[in-house]
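The next block holds one structure in the form of structure tokens; read it before the comments.
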Amino acid sequence: MVNGIIGLVIGLAIGFFASRYLFKRNLKKNPPINEKMIRAMFMEMGRKPNETQIKRIMKNINDQYK
């Protein structure tokens with residue numbers, strides 16, 4: 001009984017950290033938003049973005065996934 005509980009706790013911990021690692025790795029490979037999308041968003045708002053604004057936004061987004 002005790003071995004089953006210990007095995008369950010260890011399995012949950014390993015599963016949690018493995019899924020977290022895989023999720024972060026997938027977000028780095030396939031970011032949910034890219035520079036092209038940011039440009040389109042700015043154009044919809046009627047603004048013409050410059051490269052520093054786009055780079056700043058991309059840096060902020062990438063920092064959130066670390």
Checklist entry - If you measure from CD1 on Ile6 to CE on Met1, what distance do you get to the nearest 0.5 Å? => result 11.5 Å
Item to check | side chain to side chain contact (heavy atoms under 4.5 Å, CB included) assessment of Gln64 paired with Asn60 | outcome: CA-CA 7 Å; Gln64 288 178 356; Asn60 288 338; 5.6 Å; no
Checklist outcome for this item: Between Ile61 and the options Asn34, Ile33, Leu27, the side-chain contact (heavy atoms from CB on, under 4.5 Å) test singles out Ile33
Next on the checklist: Within this structure, what is the CD-CD distance for the pair Glu51 and Glu35, rounded to the nearest 0.5 Å?
Outcome noted: 6.5 Å
Next on the checklist: Show the nearest heavy-atom pair for residues Met37 and Pro32, with the distance to one decimal.
Outcome noted: SD-O, 3.7 Å
Next on the checklist: If I take atom CE from residue Met41 and atom NZ from residue Lys36, how far apart are they, to the nearest 0.5 angstrom?
Outcome noted: 15.0 Å
Item to check | Between OG1 on residue Thr52 and CD1 on residue Ile57, distance to nearest 0.5 Å | outcome: 9.5 Å
Checklist entry - In terms of hydrophobic clustering (I, L, V, M, F, W, Y; side-chain heavy atoms under 4.5 Å; direct or indirect links), are Met45 and Ile38 co-clustered? => result yes
Checklist entry - Counting N and O atoms only, with roles assigned by atom type, does the side chain of Gln53 sit under 3.5 Å from a partner on the main chain of Asn50, one being a donor and the other an acceptor? => result yes
Checklist entry - Between Lys59 and Lys55, does a side chain to side chain contact (heavy atoms under 4.5 Å, CB included) hold up when you go through it step by step? => result CA-CA 6 Å; Lys59 183 181 180 315; Lys55 296 294 182 191; over 6 Å; no
